[in-house]
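Okay, structure first, notes after.
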Amino acid sequence: MDMKAQKLAALCFLTVFDAPAAASALTLQNIKARLEAAGYSQIREVPSGKIKTFKATRDGKERSILVDSTGHIQELQ
């Protein structure tokens with residue numbers, strides 16, 4: 001990866017994962033509402049640092065979920 005690509009990758013990472021203004025705008029209630037709208041239930045936060053991690057049930061199965069500072073939801077495998 002050349003230097004320009006490395007800088008772009010670092011900027012993208014910081015934009016998504018180190019955006020305090022965006023992170024503070026998302027409250028726990030906002031996140032839970034987004035997860036419920038996506039079909040999850042029994043939502044509970046798992047302490048993990050800056051990135052919000054949750055356990056929730058969907059389609060009868062418990063799943064681990066990451067929610068980044070922009071509100072993007074990603075299920076972990």
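Only heavy atoms go into these numbers, but all of them, side chains included; no hydrogens, no water, no symmetry mates. All of these numbers come straight from a predicted model, not from anything done at the bench.
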key: Euclidean distance, Ser41 OG relative to Glu62 CD, rounded to 0.5 Å   = 10.5 Å
ask   = For Arg34 and Ile73, which heavy atoms make the closest approach, and how far apart are they?
value = O-CD1, 4.0 Å
task = Indicate yes or no for a side-chain donor-acceptor contact from Thr57 to the backbone of Gly60 under 3.5 Å, with no hydrogens or angles considered.
result = no
Side chain to side chain, Glu36 and Ile43, heavy atoms closer than 4.5 Å = yes
Check: Ala56 main-chain N/O paired with Arg58 side-chain donor or acceptor under 3.5 Å = no
task = State, with a plain yes or no, whether a side-chain heavy atom of Lys32 is found less than 4.5 Å away from one of Glu45.
result = no
ask   = Hey, are the side chains of Leu35 and Phe54 touching, using non-hydrogen atoms and a 4.5 Å cut-off?
value = yes
query = Are more than 12 heavy atoms from other residues, nucleotides or ligands located less than 6.0 Å from atom CD of Gln29?
reply = no
note = Between Arg44 and Gln42, the two heavy atoms sitting closest are NH1-O, 3.1 Å
query = Taking all atoms of both residues into account, what is the closest heavy-atom pair of Tyr40 and Arg63, and its distance?
reply = CE2-CD, 4.0 Å
inquiry  = When you compare the side chain of Ile65 with that of Val67, does any pair of heavy atoms fall below 4.5 Å?
reply    = yes
